[in-house]
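Just the heavy atoms: all of them, side chains too, but no hydrogens, waters or symmetry mates, feed the values below.
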Amino acid sequence: MSLQAIDFVVGRGDLRQHKLVAAPVPDLKEGEVLLKIDKFAFTSNNVTYAAYGDEMHYWDFFPAPEGWGRVPVWGFADVAASKCDAIAVGERIYGYLPMSTHLVVRPEHVKAAGFVDASAHRAQLPVPYNRYVRAAADPGYAPAYEDHQALLRPLFMTAFFIDDFFADNHFFGAQAVLLASASSKTAIGVGYMLAQGRDIEVIGLTSAGNVGFVEATGYYDRVLTYDKLTSLPADLRVIFVDMAGNTKVVAAAHHHFREAMTHSCNVGNTHWESRSVMTSLPGPSPQSFFTPKQLAKRAKDWGPGGIEAHFAPAWRDFIAATPQWMQIVRGRGPEAVEAVYLDMLEGRVKPNEAHMLSL
C-alpha cells in the first residue's frame, strides 16, 4: 500500500521524550485488516499505562522502535482495507489502539459483536485488551456518545470491578473507603458505584484546588485535602485506594491508620516520577488492582453474558450522570496530541476536562 502511517512514540526510559514516526502502511496478509484510527481518548489512565509499560507489558501491544513505546489508548477506528472475509471495509470498530493513524489486526473468533486480534505478538497478552467491538452490533453504542464511551468506559469498567472486588470480599470489614486523587475519573466512577446503596462511607482526598469539583459530583460523603488526612480517626477501619502512586500520601495513610487499614489498593500511577517500592509500611501491604483478574473471576461466576448483564445498566446510569461534571475537549493533529500528552504527564489538566484526540 502507498498509505503513510504516523505513530506518536514516547521514550520508555524517559516519558517526556516523544516524537512522530512515519512509515508506509504494510501490505495486508491474508486474514488481516487495516484500521484507520479516527479518534481516541487520553486520560491519566494512559499515563499509568506508560508508567507500567514494562512491568505490566503495556508496551507489548503495539511494537515500536527500540527504546520507544506507543502508549495504548481507547478509541474508534474504521476498517480501511480487509483481507478477512468476515470483516467489511467501512465497519466502525471500538477498542484498544495505539496513538497512531493506522493499526493492522488479525481478526479471529469473529462474531456479530466483535473479534479478537490474534496477531502473534499479542498471543500472551490479556484477552480483554485484545477484543474489538463492532459498533453496529453493540447494544450500548450511540453515535452521539462515542466520546463518552472512549473516555469513560474503560475507566468505569475498572471502577465497576473495584467496587465488585470490595463487595466480593465483604469490604474487608471496613467502615469507609478512602479514595486518594478523588478528582480522577476512575475515582469518581468508584465513588459513584459505592454511592449506589453500599452501606459504607466514601471519603475523597484531593488537592485544595479540586475540593469544589469533587464535592459537586455528589458521590462522596466527605472530601478532605491531603493535609487533613490525619484529622480522620486513627481507629477508623478503612480501605485505602491509591489512584495516583503518590508515595508520600500512601505512606501518610498507612502510618496514620496502621492496623485499622483493612486493605490497601493501588490502581493508578499518574505520579509516575515518584514510583518506588515501599516496604515496611504499617498495616496491610499495598496490592495492585488488575481489572482483567476480577473480570475473569466474574465471567466464570456469572456465566455467558453475565458481565454485560451486570455492567450495562450501571454504565448507562453513570453516563446519564456525567454531563454535570465533564467537559469534553477535542484536539486534532500532532501538535494537539503532543500538548495534551505533556499536560497530562505534568498534571496540568483540569479535573473536569476530558480530552479526545486525533492524529
Side-chain angles (χ1 to χ4, degrees), residues 1-10 19-42 46 49 53 57-66 68-143 146-147 149-150 153-154 292 304 308 332-334 337 356-359:
M1 291 184 179
S2 59
L3 285 173
Q4 192 82 349
I6 298 175
D7 300 326
F8 182 88
V9 300
V10 306
K19 64 180 180 179
L20 294 172
V21 177
V25 174
D27 291 330
L28 293 181
K29 299 175 183 176
E30 200 61 39
E32 291 183 334
V33 165
L34 175 66
L35 300 180
K36 173 68 172 69
I37 298 170
D38 179 29
K39 57 184 176 180
F40 54 86
F42 198 83
N46 303 105
Y49 287 157
H57 300 286
Y58 290 121
W59 295 134
D60 297 349
F61 285 92
F62 310 112
E66 183 71 25
W68 298 88
R70 288 197 281 173
V71 181
V73 291
W74 294 87
F76 285 88
D78 298 303
V79 177
S82 176
K83 285 195 173 182
C84 173
D85 292 340
I87 303 294
V89 171
E91 284 200 52
R92 190 74 163 165
I93 304 295
Y94 166 76
Y96 208 50
L97 304 167
M99 297 175 72
S100 304
T101 57
H102 296 80
L103 175 67
V104 175
V105 295
R106 177 174 288 277
E108 286 191 4
H109 307 292
V110 180
K111 299 180 180 179
F115 62 85
V116 172
D117 181 11
S119 298
H121 70 277
R122 297 177 72 162
Q124 302 304 315
L125 297 172
V127 173
Y129 296 116
N130 291 337
R131 288 198 179 105
Y132 290 82
V133 177
R134 304 167 93 170
D138 180 4
Y141 173 75
E146 276 193 349
D147 292 350
Q149 181 168 336
R153 186 163 178 156
E308 188 61 25
R332 180 173 291 275
V337 171
M356 288 297 299
L357 300 171
S358 303
L359 272 173

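- Rounded to the nearest 0.5 angstrom, D138 CG and I93 CD1 are separated by 10.5 Å.
- Judged by distance alone, the side chain of S82 and the main-chain N or O of C84 form a donor-acceptor pair under 3.5 Å.
- For the pair F40/N46, no side-chain contact is recorded, criterion being any heavy-atom separation below 4.5 Å from C-beta on.
- Put simply, CG on L103 and CD1 on I37 are 5.5 Å apart, with the number rounded to the nearest 0.5 Å.
- Here the straight-line distance linking atom CZ of F115 with atom CD of E91 works out to 8.0 Å at 0.5 Å rounding.
- The closest side-chain heavy-atom distance from Y141 to E146 is below 4.5 Å.
- Side chains of Y96 and R131 form no contact here, defined as non-hydrogen atoms less than 4.5 Å apart.
- Interatomic distance, L35 CG to I87 CD1, rounded to the nearest 0.5 Å: 9.0 Å.
- Across V9 and A64, no two heavy atoms sit closer than the pair CG1-CB, 4.4 Å.
- Remark: side-chain polar atoms of D7 are not paired, donor with acceptor, to backbone N or O of A22 under 3.5 angstrom.
- Using a 4.5 Å cut-off on side-chain heavy atoms (C-beta onward), V104 and L28 make contact.
- With hydrogens and angles disregarded, no donor-acceptor distance shorter than 3.5 Å links the side chain of T101 to the backbone of A5.
- When every heavy atom of V110 is checked against every heavy atom of P107, the shortest pair comes out as CG2-CB, 3.8 Å.
- Judged purely by atom type and a 3.5 angstrom limit, S358 uses its side chain to pair as donor or acceptor with the backbone of D38.
- Under a 4.0 Å N-O distance rule, the pair K83/E32 does not qualify as a salt bridge.
- Contact detail for P334 and L20: the closest heavy-atom pair is CB-CD1, 3.4 Å.
- The list of side-chain hydrogen bond (donor to acceptor under 3.5 Å, both in side chains) pairs with a residue in residues 115-124, not counting sequence neighbours, reads D117-S119, D117-R122, R122-N130, R122-Y132.
- Within the 4.5 Å cutoff, the side chain of Q149 has heavy atoms near those of the Y94 side chain.
- Y49 meets the side-chain hydrogen bond (donor to acceptor under 3.5 Å, both in side chains) test with N45, W74; sequence neighbours excluded.
- Side-chain atoms of L34 and V25, non-hydrogen and from C-beta on, do get closer than 4.5 Å to each other.
- In this structure, the side chains of W59 and W68 stay at 4.5 Å or more apart for every pair of heavy atoms.
- A distance below 6.0 Å separates the ring centres of F61 and Y129.
- Within the 3.5 Å criterion, the main-chain N or O of R92 finds no donor-acceptor partner in the side chain of R134.
- K39 has its side chain within reach of M356: a pair of non-hydrogen atoms, C-beta onward, lies under 4.5 Å apart.
- In this view, H57 and D60 satisfy the side-chain hydrogen bond (donor to acceptor under 3.5 Å, both in side chains) rule, not counting sequence neighbours.
- Residue H102 comes nearest to R70 through the heavy atom pair O-NH1, 4.3 Å, listed as atom of the first residue, atom of the second, then distance.
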